Amino acid sequence: MEIVLAREMGFCFGVRRAVEMMEEATHEQGPMVSLGSVVHNPQVVEQLREKGLNVIASLDEVSERPVAITAHGVSENVVRELENRGVPVVDTTCPIVTRSQQWAKRLADDGFAVIIFGDPNHKEVRGVLGWAEGKAFAVTSIDALDGLPDELPSRIGVLSQTTETEGHFAEFVRALLERRMDRISELRVINTLCNATTSQQAAAQELAHKVDLMFVIGGRESANTRHLAEVAREEGVETHQVESADEIRPEWLAGHERVGVTAGASTPDDAVDAIVTRLRELAPA
Ligand code: SF4
(Lines give C-alpha, C1' and ligand atoms only; values in the text may rest on other atoms or scores of the structure.)
Protein backbone atom coordinates (compact mmCIF):
# COMPACT_ATOMS: atom_id res chain seq x y z
CA MET A 1 0.00 0.00 0.00
CA GLU A 2 1.38 3.36 -1.02
CA ILE A 3 0.83 6.49 1.09
CA VAL A 4 0.75 9.77 -0.81
CA LEU A 5 0.79 13.14 0.99
CA ALA A 6 -0.98 16.24 -0.35
CA ARG A 7 1.52 18.75 -1.74
CA GLU A 8 0.05 21.37 0.61
CA MET A 9 -1.54 20.66 3.98
CA GLY A 10 -1.47 21.30 7.72
CA PHE A 11 -0.84 24.45 9.73
CA CYS A 12 -1.61 27.54 7.67
CA PHE A 13 0.45 30.66 8.19
CA GLY A 14 -2.33 32.31 10.28
CA VAL A 15 -2.50 29.47 12.80
CA ARG A 16 1.29 29.03 12.91
CA ARG A 17 1.64 32.76 13.55
CA ALA A 18 -1.03 32.71 16.30
CA VAL A 19 0.52 29.73 18.09
CA GLU A 20 4.00 31.29 17.92
CA MET A 21 2.70 34.64 19.21
CA MET A 22 0.99 32.90 22.14
CA GLU A 23 4.05 30.80 22.99
CA GLU A 24 6.20 33.93 22.95
CA ALA A 25 3.67 35.88 25.05
CA THR A 26 3.40 33.19 27.76
CA HIS A 27 7.20 33.01 27.83
CA GLU A 28 7.51 36.79 28.29
CA GLN A 29 4.38 37.68 30.27
CA GLY A 30 3.68 34.48 32.22
CA PRO A 31 0.36 32.63 32.47
CA MET A 32 -2.44 34.05 30.33
CA VAL A 33 -5.83 33.13 28.94
CA SER A 34 -7.24 32.89 25.44
CA LEU A 35 -10.79 33.81 24.54
CA GLY A 36 -11.87 30.46 23.17
CA SER A 37 -9.62 27.73 21.75
CA VAL A 38 -6.61 28.84 19.77
CA VAL A 39 -7.48 26.41 16.99
CA HIS A 40 -9.99 23.60 16.57
CA ASN A 41 -7.40 21.06 17.58
CA PRO A 42 -7.39 19.51 21.09
CA GLN A 43 -3.71 18.46 20.91
CA VAL A 44 -2.51 21.99 20.13
CA VAL A 45 -4.74 23.41 22.89
CA GLU A 46 -3.23 20.95 25.40
CA GLN A 47 0.36 21.76 24.36
CA LEU A 48 -0.31 25.47 24.87
CA ARG A 49 -2.03 24.83 28.22
CA GLU A 50 1.18 23.16 29.42
CA LYS A 51 3.01 26.38 28.51
CA GLY A 52 0.61 28.53 30.58
CA LEU A 53 -2.24 29.40 28.22
CA ASN A 54 -5.68 28.50 29.55
CA VAL A 55 -8.84 28.74 27.50
CA ILE A 56 -11.77 30.81 28.81
CA ALA A 57 -15.22 30.79 27.29
CA SER A 58 -16.26 34.42 27.70
CA LEU A 59 -15.35 37.90 28.90
CA ASP A 60 -16.97 37.06 32.27
CA GLU A 61 -13.92 34.96 33.10
CA VAL A 62 -11.38 37.70 32.33
CA SER A 63 -9.28 38.70 35.36
CA GLU A 64 -6.05 40.70 35.44
CA ARG A 65 -4.16 38.12 33.36
CA PRO A 66 -3.26 39.00 29.75
CA VAL A 67 -5.89 37.91 27.22
CA ALA A 68 -5.10 36.45 23.81
CA ILE A 69 -7.49 36.94 20.90
CA THR A 70 -7.28 33.88 18.68
CA ALA A 71 -6.62 33.67 14.92
CA HIS A 72 -10.39 33.63 14.25
CA GLY A 73 -10.73 37.14 15.70
CA VAL A 74 -13.53 38.70 17.78
CA SER A 75 -16.17 41.39 17.29
CA GLU A 76 -15.39 45.09 17.68
CA ASN A 77 -17.40 45.16 20.95
CA VAL A 78 -15.12 42.57 22.51
CA VAL A 79 -12.01 44.53 21.49
CA ARG A 80 -13.46 47.72 23.01
CA GLU A 81 -14.52 45.90 26.20
CA LEU A 82 -10.99 44.53 26.68
CA GLU A 83 -9.59 48.03 26.14
CA ASN A 84 -12.01 49.44 28.74
CA ARG A 85 -10.98 46.84 31.28
CA GLY A 86 -7.33 47.74 30.74
CA VAL A 87 -6.08 44.13 30.54
CA PRO A 88 -3.04 43.44 28.36
CA VAL A 89 -4.17 41.96 25.01
CA VAL A 90 -2.23 39.76 22.62
CA ASP A 91 -4.14 39.99 19.36
CA THR A 92 -3.29 37.04 17.09
CA THR A 93 -6.22 37.58 14.69
CA CYS A 94 -5.13 36.27 11.29
CA PRO A 95 -4.53 39.22 8.92
CA ILE A 96 -6.89 37.60 6.39
CA VAL A 97 -9.69 37.58 8.98
CA THR A 98 -8.86 41.18 9.92
CA ARG A 99 -9.34 42.14 6.26
CA SER A 100 -12.77 40.50 6.28
CA GLN A 101 -13.73 42.37 9.48
CA GLN A 102 -12.60 45.68 7.96
CA TRP A 103 -14.66 45.05 4.82
CA ALA A 104 -17.75 44.23 6.90
CA LYS A 105 -17.34 47.50 8.80
CA ARG A 106 -16.66 49.56 5.69
CA LEU A 107 -19.65 48.16 3.79
CA ALA A 108 -21.98 48.64 6.77
CA ASP A 109 -20.73 52.24 7.24
CA ASP A 110 -21.39 52.90 3.53
CA GLY A 111 -25.04 51.77 3.87
CA PHE A 112 -24.77 48.26 2.46
CA ALA A 113 -26.50 45.23 3.94
CA VAL A 114 -23.69 42.73 4.46
CA ILE A 115 -24.32 39.09 3.66
CA ILE A 116 -21.68 36.65 4.86
CA PHE A 117 -21.65 33.24 3.24
CA GLY A 118 -20.74 31.13 6.26
CA ASP A 119 -21.81 29.50 9.50
CA PRO A 120 -23.25 32.08 11.95
CA ASN A 121 -22.12 29.88 14.85
CA HIS A 122 -18.51 29.79 13.71
CA LYS A 123 -16.22 32.00 15.75
CA GLU A 124 -14.74 33.81 12.75
CA VAL A 125 -18.19 34.60 11.33
CA ARG A 126 -19.55 35.76 14.71
CA GLY A 127 -16.60 38.15 14.94
CA VAL A 128 -17.05 39.51 11.40
CA LEU A 129 -20.81 39.97 12.03
CA GLY A 130 -19.91 42.04 15.05
CA TRP A 131 -17.90 44.53 12.95
CA ALA A 132 -20.95 45.40 10.84
CA GLU A 133 -22.99 46.85 13.71
CA GLY A 134 -26.11 44.76 13.25
CA LYS A 135 -26.24 45.30 9.47
CA ALA A 136 -24.85 41.87 8.55
CA PHE A 137 -26.44 38.46 8.11
CA ALA A 138 -24.68 35.12 7.94
CA VAL A 139 -26.18 32.64 5.51
CA THR A 140 -25.03 29.03 5.50
CA SER A 141 -26.55 27.84 2.24
CA ILE A 142 -28.30 28.92 -0.93
CA ASP A 143 -31.65 27.74 0.48
CA ALA A 144 -31.15 29.94 3.54
CA LEU A 145 -31.19 33.00 1.23
CA ASP A 146 -34.98 32.81 1.31
CA GLY A 147 -34.88 33.52 5.04
CA LEU A 148 -33.31 36.97 4.57
CA PRO A 149 -35.57 39.89 5.52
CA ASP A 150 -37.48 41.38 2.54
CA GLU A 151 -36.73 44.94 3.59
CA LEU A 152 -32.92 44.76 3.22
CA PRO A 153 -31.20 47.82 1.71
CA SER A 154 -30.94 47.53 -2.09
CA ARG A 155 -27.15 47.85 -1.88
CA ILE A 156 -25.70 44.50 -0.89
CA GLY A 157 -22.15 43.55 0.03
CA VAL A 158 -21.20 39.88 0.04
CA LEU A 159 -18.30 38.30 1.91
CA SER A 160 -17.43 34.71 2.56
CA GLN A 161 -16.16 32.83 5.58
CA THR A 162 -12.45 32.56 4.77
CA THR A 163 -12.46 28.75 4.66
CA GLU A 164 -15.30 28.29 2.14
CA THR A 165 -14.47 26.78 -1.24
CA GLU A 166 -14.24 28.95 -4.36
CA GLY A 167 -16.86 26.84 -6.11
CA HIS A 168 -19.42 27.09 -3.29
CA PHE A 169 -18.92 30.86 -2.93
CA ALA A 170 -19.33 31.42 -6.68
CA GLU A 171 -22.56 29.35 -6.68
CA PHE A 172 -23.83 31.31 -3.69
CA VAL A 173 -23.25 34.68 -5.36
CA ARG A 174 -24.94 33.45 -8.55
CA ALA A 175 -27.96 32.25 -6.57
CA LEU A 176 -28.16 35.52 -4.64
CA LEU A 177 -28.33 37.45 -7.92
CA GLU A 178 -30.93 35.13 -9.40
CA ARG A 179 -33.19 35.24 -6.33
CA ARG A 180 -32.95 38.92 -5.42
CA MET A 181 -32.06 40.68 -8.70
CA ASP A 182 -35.33 42.67 -8.60
CA ARG A 183 -34.40 44.08 -5.17
CA ILE A 184 -30.69 44.80 -5.73
CA SER A 185 -29.45 48.18 -7.02
CA GLU A 186 -25.78 47.49 -6.33
CA LEU A 187 -23.88 44.35 -5.48
CA ARG A 188 -20.32 44.33 -4.16
CA VAL A 189 -18.64 40.95 -3.88
CA ILE A 190 -15.50 40.93 -1.79
CA ASN A 191 -13.36 37.86 -2.16
CA THR A 192 -12.48 37.11 1.46
CA LEU A 193 -11.51 33.50 0.82
CA CYS A 194 -8.17 32.46 2.22
CA ASN A 195 -5.46 31.45 -0.26
CA ALA A 196 -4.04 28.99 2.26
CA THR A 197 -7.28 27.04 2.40
CA THR A 198 -8.09 27.32 -1.32
CA SER A 199 -4.68 25.97 -2.27
CA GLN A 200 -4.99 23.17 0.31
CA GLN A 201 -8.39 22.33 -1.19
CA ALA A 202 -6.89 22.32 -4.71
CA ALA A 203 -4.13 20.00 -3.48
CA ALA A 204 -6.71 17.69 -1.83
CA GLN A 205 -8.76 17.61 -5.05
CA GLU A 206 -5.65 16.80 -7.10
CA LEU A 207 -4.67 14.05 -4.67
CA ALA A 208 -8.18 12.56 -4.64
CA HIS A 209 -7.76 11.79 -8.37
CA LYS A 210 -4.60 9.78 -7.72
CA VAL A 211 -5.68 7.59 -4.78
CA ASP A 212 -8.47 5.18 -3.88
CA LEU A 213 -8.79 6.16 -0.22
CA MET A 214 -8.30 9.48 1.56
CA PHE A 215 -7.62 10.47 5.15
CA VAL A 216 -8.30 14.05 6.19
CA ILE A 217 -6.71 14.89 9.55
CA GLY A 218 -8.05 17.61 11.80
CA GLY A 219 -10.32 18.60 14.66
CA ARG A 220 -13.98 17.68 14.28
CA GLU A 221 -14.94 21.33 14.89
CA SER A 222 -12.54 22.60 12.24
CA ALA A 223 -14.47 24.09 9.29
CA ASN A 224 -11.52 23.96 6.89
CA THR A 225 -10.85 20.29 7.73
CA ARG A 226 -14.50 19.51 7.02
CA HIS A 227 -14.30 21.33 3.68
CA LEU A 228 -11.19 19.31 2.72
CA ALA A 229 -13.14 16.11 3.37
CA GLU A 230 -16.07 17.46 1.29
CA VAL A 231 -13.72 18.27 -1.58
CA ALA A 232 -12.28 14.74 -1.53
CA ARG A 233 -15.75 13.13 -1.35
CA GLU A 234 -17.02 15.30 -4.20
CA GLU A 235 -14.27 13.70 -6.29
CA GLY A 236 -15.86 10.33 -5.52
CA VAL A 237 -13.11 8.89 -3.35
CA GLU A 238 -13.81 7.12 -0.05
CA THR A 239 -12.77 9.58 2.65
CA HIS A 240 -12.32 9.39 6.42
CA GLN A 241 -11.92 12.47 8.61
CA VAL A 242 -9.91 11.64 11.74
CA GLU A 243 -8.53 13.62 14.65
CA SER A 244 -5.92 11.13 15.85
CA ALA A 245 -4.14 7.95 14.75
CA ASP A 246 -6.02 5.60 17.10
CA GLU A 247 -9.31 6.31 15.28
CA ILE A 248 -8.11 4.50 12.16
CA ARG A 249 -9.77 1.12 11.80
CA PRO A 250 -7.65 -1.56 10.05
CA GLU A 251 -10.63 -2.73 7.96
CA TRP A 252 -10.82 0.71 6.27
CA LEU A 253 -7.57 -0.12 4.47
CA ALA A 254 -8.63 -3.48 3.07
CA GLY A 255 -8.54 -3.57 -0.72
CA HIS A 256 -6.93 -0.14 -1.11
CA GLU A 257 -3.60 0.37 -2.84
CA ARG A 258 -2.99 4.11 -2.81
CA VAL A 259 -3.94 6.10 0.26
CA GLY A 260 -3.90 9.89 0.25
CA VAL A 261 -3.32 11.99 3.36
CA THR A 262 -4.15 15.65 3.85
CA ALA A 263 -4.68 17.82 6.94
CA GLY A 264 -6.63 20.92 7.90
CA ALA A 265 -5.06 24.31 8.57
CA SER A 266 -5.18 23.77 12.33
CA THR A 267 -3.48 20.36 12.29
CA PRO A 268 0.12 20.30 13.60
CA ASP A 269 2.87 18.37 11.80
CA ASP A 270 3.21 15.78 14.58
CA ALA A 271 -0.47 14.77 14.17
CA VAL A 272 0.22 14.12 10.47
CA ASP A 273 3.37 12.13 11.31
CA ALA A 274 1.42 10.00 13.81
CA ILE A 275 -1.24 9.16 11.20
CA VAL A 276 1.35 8.23 8.57
CA THR A 277 3.17 6.00 11.08
CA ARG A 278 -0.11 4.29 11.99
CA LEU A 279 -1.01 3.75 8.34
CA ARG A 280 2.40 2.16 7.71
CA GLU A 281 1.87 -0.16 10.70
CA LEU A 282 -1.58 -1.18 9.48
CA ALA A 283 -0.77 -1.36 5.78
CA PRO A 284 -1.59 -4.77 4.29
CA ALA A 285 1.65 -6.47 3.27
S1 SF4 B 1 -7.07 29.35 7.31
FE2 SF4 B 1 -6.45 31.25 6.30
S3 SF4 B 1 -7.74 32.79 7.26
FE4 SF4 B 1 -7.80 31.02 8.61
S5 SF4 B 1 -6.15 31.37 10.07
FE6 SF4 B 1 -5.30 30.17 8.38
S7 SF4 B 1 -4.37 31.69 6.99
FE8 SF4 B 1 -5.80 32.76 8.35
Side-chain angles (χ1 to χ4, degrees), residues 10-98 100-101 118-131 138 161-163 194 196-197 217-226 241-247 263-272 274:
F11 263 9
C12 60
F13 102 91
V15 168
R16 206 175 286 279
R17 172 181 172 274
V19 170
E20 283 169 7
M21 284 175 78
M22 289 179 189
E23 283 174 345
E24 205 177 301
T26 48
H27 184 67
E28 285 171 2
Q29 302 179 41
M32 55 192 300
V33 294
S34 77
L35 260 179
S37 296
V38 177
V39 286
H40 293 302
N41 186 290
Q43 289 81 15
V44 177
V45 171
E46 180 53 27
Q47 282 162 10
L48 284 167
R49 198 188 59 74
E50 284 164 11
K51 291 182 178 162
L53 183 87
N54 280 298
V55 176
I56 57 169
S58 72
L59 285 174
D60 297 341
E61 295 170 63
V62 169
S63 58
E64 73 289 345
R65 283 193 174 168
V67 177
I69 295 173
T70 66
H72 288 126
V74 291
S75 68
E76 191 176 15
N77 283 347
V78 173
V79 174
R80 302 288 161 250
E81 178 62 27
L82 288 169
E83 279 172 6
N84 291 340
R85 293 193 190 194
V87 282
V89 172
V90 179
D91 186 355
T92 76
T93 307
C94 174
I96 295 168
V97 176
T98 303
S100 199
Q101 294 171 342
D119 176 0
N121 298 314
H122 189 279
K123 203 172 163 196
E124 174 199 314
V125 176
R126 285 204 311 268
V128 176
L129 282 167
W131 284 83
Q161 187 170 342
T162 54
T163 47
C194 165
T197 46
I217 315 163
R220 265 176 266 288
E221 300 300 317
S222 158
N224 69 77
T225 304
R226 229 175 20 247
Q241 184 181 334
V242 291
E243 226 171 61
S244 62
D246 51 17
E247 290 171 39
S266 50
T267 307
D269 300 342
D270 49 6
V272 177

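Residue numbers run from 1 in the order of the sequence given. Here the structure is a predicted model, which is why all the values come from computation and not from measurement.
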Closest approach of [X] to [Y] (non-hydrogen atoms, all atoms of both residues):
| X | Y | value |
| --- | --- | --- |
| A271 | T267 | CB-CG2, 3.8 Å |
| K123 | S37 | NZ-O, 3.8 Å |
| A68 | M32 | CB-CE, 3.9 Å |

If you define the side chain from C-beta out and look only at heavy atoms, does anything of [X] sit under 4.5 Å from [Y]?
| X | Y | result |
| --- | --- | --- |
| L59 | R85 | yes |
| E61 | N54 | no |
| V78 | S75 | yes |
| H72 | H122 | yes |
| W131 | S100 | no |
| Q29 | V90 | yes |
| L48 | E23 | yes |
| T197 | T162 | no |

Counting neighbours of CD on E221 that are heavy atoms of other residues, nucleotides or ligands and sit closer than 6.0 Å, is the number greater than 12? no
Stepwise side-chain hydrogen bond (donor to acceptor under 3.5 Å, both in side chains) test for S244 and D246: CA-CA 6 Å; S244 62; D246 51 17; 2.7 Å; yes
Between the side chains of T93 and D91, is a donor N or O closer than 3.5 angstrom to an acceptor N or O? yes
Please confirm whether the backbone N or O of E124 pairs with a side-chain atom of Q161, one donor and one acceptor, at under 3.5 Å? no
Is any side-chain N of the basic residue among R17 and E20 closer than 4.0 Å to the acidic one's carboxylate O?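 Salt bridge absent between R17 and E20.
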V44 vs V15, side chain to side chain contact (heavy atoms under 4.5 Å, CB included): CA-CA, chis, key distance, verdict: CA-CA 10 Å; V44 177; V15 168; over 6 Å; no
